[in-house]
2 protein chains.
Amino acid sequence: MPLDASLAALLGRELGPGFTTAPAALTAAATDDSGLVLPPEAVFFPKSADEISRLMVLAGRHGFPVTPRGAGTGLAGGALAVSGGVVLDTTAMNRIVAVDAANLCAVVEPGVVTKTLRDAAAAAGLFYPPDPASLATCTLGGNAATNAGGPACVKYGVTRDYVLGLTVVLPDGEVVKTGTATRKGVVGYDLTGLLVGSEGTLGVITELTLKLIPHPREVRAVAALFPDARSAVATVAAIMAGGVSPCALELMDRACLGIVEELLPFALPGGEVALLLLEADGDPDQAARDIGRMEALCRDRGALAVLPAADAARREALWDIRRQISTRIHESAPVYLSEDVAVPIARIPDLIAALPALGRRHNLSLYAFGHAGDGNIHVNITGDTECRPRTLALARELIALVLDLGGTMSGEHGIGLAKRSFIDMELSPRSISVQRSLKAVFDPAGLMNPGKVLP
Amino acid sequence: MPLDASLAALLGRELGPGFTTAPAALTAAATDDSGLVLPPEAVFFPKSADEISRLMVLAGRHGFPVTPRGAGTGLAGGALAVSGGVVLDTTAMNRIVAVDAANLCAVVEPGVVTKTLRDAAAAAGLFYPPDPASLATCTLGGNAATNAGGPACVKYGVTRDYVLGLTVVLPDGEVVKTGTATRKGVVGYDLTGLLVGSEGTLGVITELTLKLIPHPREVRAVAALFPDARSAVATVAAIMAGGVSPCALELMDRACLGIVEELLPFALPGGEVALLLLEADGDPDQAARDIGRMEALCRDRGALAVLPAADAARREALWDIRRQISTRIHESAPVYLSEDVAVPIARIPDLIAALPALGRRHNLSLYAFGHAGDGNIHVNITGDTECRPRTLALARELIALVLDLGGTMSGEHGIGLAKRSFIDMELSPRSISVQRSLKAVFDPAGLMNPGKVLP
């Protein structure tokens, strides 16, 4: 039901100054990085689990939907209000409760920015590995809700691997703690794991206990240019099967390199060249040895150039290339769609080889880059304002191909709104019906982030 | 309802020669490593998911319970039939379908013995890290069902961290696939994670896709003897916070050392001494450097002796001490209870310090050993045949203490039957009610391993 003026006034009285219907707040909450625009009817900025609990009780009483939101950096529209109601913005709950060096864990509120925790951990000699591209702005609550990934996941695993326990407000307002403060715990079903990656559809995360590990003493990076994407991805497979554990193994195809040409530390040759960005970390000599092994594998596999980053500034310059690619693709055309497929490592060449014909068939530009070390390739699609139906047709065909290769339609971005109409291509009817029933256990009234994930 | 002779005859006809009511089979299925004895009415040894599916359809039609079982090495009674019915023994489904070096994963049937996969992976230069103490006999299906741990988990994580995807027969006989063959996947709720650790109460695992990593090139071990348990566990905390990643960090208290005295590579001194077994792995010089750092930390913290294992045979001898402790405690008294608590690393000293008074108060012998690096201490309780009520009283008091220290009642053994009456000490009523509802989603008739986990 719509949030009319009298209900909004009541919510304002009950919830205090954190509740607003100011147009600027509604506009800010209407977008994320998916390109979709869906304004809510109100926004609430809680300061505590208790305030979230109060909102949920009111939502149940008056029947309005609540859409939890972190920094709104998601690419799948998961944080947008599909049917109005209240966006619950957790960014004001941004306290690092503890970085506990003795117990190798951190306790944080959901609005803490990922980089803020990584920096605080590093100051204590500790490492929080998950590093989504948006780490300078995204929040840990959002990372957990989407089970965020990033380049480091090839060595260190995804967000789920670092969430030991959660405090969660359930859709009826009750607060539940899940998991443990210890590294191991097998008491009952894994509610923590079920909530991580549930995209805010089962409850609102109000506190996270996160695992930390010793900080690597050194990181070394190298860029390697290959004559074609096929030889680059064959090298990825050789590295992953070669007994080295890279802490990043990123691929950028010719289309990507073209839009960042002036940033490259080499003249871009003709032909379908591709670039790998490789990193190794650990004790200094270990990192040096591993990067040396990877350089040798690159040369053996026909790299045209192998360019080690001699210092931190040059390493940062390589990552700037990688980051600028996303940004510039996004800004290069009126319509932009970020697919986020993952395939078994040995099938990446088949995926990459199929892309040019796919783009031509639908008359759209395709860019491929991303976390080749775990088979997670971001395929970005751009076109003019009239092309939206064609992008969706291409996405459907791409997903069918990826599933055929034994992969998945989303490695780290999630389903949200953007991929919801494709989910039955990957999950069986029974898997979907089980998941619907799980949703009903947590949220029988369907008020928590409705219209997301499940079709 | 009881499985009477006519129903048993029907099941024999429908299910074929894998179904048996032979007394020897019932006796074998009546026990695991918990010390409990609960014979089922029949045992079924399926060869395929299809046969399991048929059993579950018959169970639904005739209303008898089914208890899935691997090798029966569990310590919590999870694989025992509480209310008769059929034990579903998966050990005949023991095929390694693939060790896929190119994609760093393995596909296995549930009855594959853990060590068999570890050896097959090692032959391909790959590593499957989870290493429960029973790894030479336990099965991967059982490991996944219980989210098994082991010494290597301090560095490499638990079984859940290695399960990418599952095929599962649901209680109504339908087959569902969960997860992916890729290292990342965020499509829908994490059914894989929910099934891992669910102790066979939600479905029967019929195939597992497991993540493999590069095999470390070398392992180094050292034993360090301390004047008391307090200084040993303080050293554990110093190592874990000291920027080293041991791949094993095991503690054995004075009581444990006393029963393996003739195996020790040193004369056991008087007083409350304690032993640490420490390991580091990686490239040879990295493993050597890490073990050197740990040796130095042991000396700094007052170790009486630091004894590196000079070769593989001496390393194996140290692990034999660790393994013999479990076996000999088990055999030392008519009643034996294995508690499996975990506390934050910095609280291990408080836990260890409280044990002697606890044992005296209940007039029982206590042994403490285990995975100190992740706070997971096995507290074994032994006594005479009359002591069962006292062991339970002690266990309750121990769990209360552990929860007080911010810990959990089970780090890796699970709840099963043995800890079911304690679970409400750790989980809130709402957490338990949510978990009951999740169970009902999968198994509305309550025929899948009934009487386990939830109170």
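Chain A is the first sequence line, chain B the second, and so forth, proteins listed ahead of strands; every chain is numbered from 1.
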If you measure from [atom1] on [X] to [atom2] on [Y], what distance do you get to the nearest 0.5 Å?
X	Y	atom1	atom2	value
B:Tyr189	A:Ser431	OH	OG	11.5 Å
A:Asn103	B:Ile348	CG	CD1	8.5 Å
B:Asp100	A:Ile345	CG	CD1	8.5 Å

Side chain / backbone / both / neither for [X] at chain A, heavy atoms under 4.5 Å:
X	result
B:Val244	backbone
B:Val176	side chain
B:Phe422	neither
B:Leu195	neither
B:Ala101	backbone
B:Ser410	both
B:Thr192	neither
B:Val175	neither
B:Lys439	both
B:His371	side chain

Under 4.5 Å from any heavy atom of chain B - which part of [X]:
X	result
A:Phe442	side chain
A:Ile432	neither
A:Thr178	neither
A:Ser437	both

Give the minimum heavy-atom separation between [X] and [Y], together with the two atoms involved.
X	Y	value
A:Gly406	B:Thr182	O-CG2, 4.3 Å
B:Val434	A:Val441	O-CG1, 4.1 Å
A:Arg430	B:Asp172	NH1-OD2, 2.8 Å

Anything in residues 282-291 of chain B with a heavy-atom distance to chain A below 4.5 Å? Please list those residues in order.
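Against chain A, the residues of residues 282-291 of chain B that fall inside the cut-off (heavy atoms, under 4.5 Å) are B:Asp283, B:Asp285, B:Gln286, B:Arg289, B:Asp290.
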When you look at B:Val196 and A:Asp190, which way does the side-chain contact (heavy atoms from CB on, under 4.5 Å) test go after all the steps?
CA-CA 8 Å; B:Val196 172; A:Asp190 183 13; over 6 Å; no
Counting heavy-atom pairs under 4.5 Å to chain A, which of [options] comes out on top?
options	value
B:Ala181, B:Ser198, B:Gly197	B:Ser198
B:Val187, B:Ile415, B:Val453, B:Asp340	B:Val187
B:Ala124, B:Gly149, B:Gly188	B:Gly188
B:Glu199, B:Lys211, B:Arg160	B:Arg160
B:Arg347, B:Arg183, B:Glu426	B:Glu426

Sequence neighbours left out, cut at 3.5 Å: what donor-acceptor pairs do the side chains of residues 161-171 of chain B make with other protein atoms?
residue, atom, partner, partner atom, Å
B:Asp161, OD2, B:Val158, N, 2.9
B:Tyr162, OH, B:Tyr156, O, 2.6

Knowing that exactly one of B:Asn147, B:Thr408, B:Asp374 qualifies, which makes a side chain to side chain contact (heavy atoms under 4.5 Å, CB included) with A:Lys184?
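For A:Lys184, the side chain to side chain contact (heavy atoms under 4.5 Å, CB included) check succeeds only for B:Asp374.
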Would you say A:Lys177 has more than 12 foreign heavy atoms packed within less than 6.0 Å of its NZ?
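Counting neighbours around NZ of A:Lys177, 12 or fewer heavy atoms of other residues, nucleotides or ligands fall under 6.0 Å, so no.
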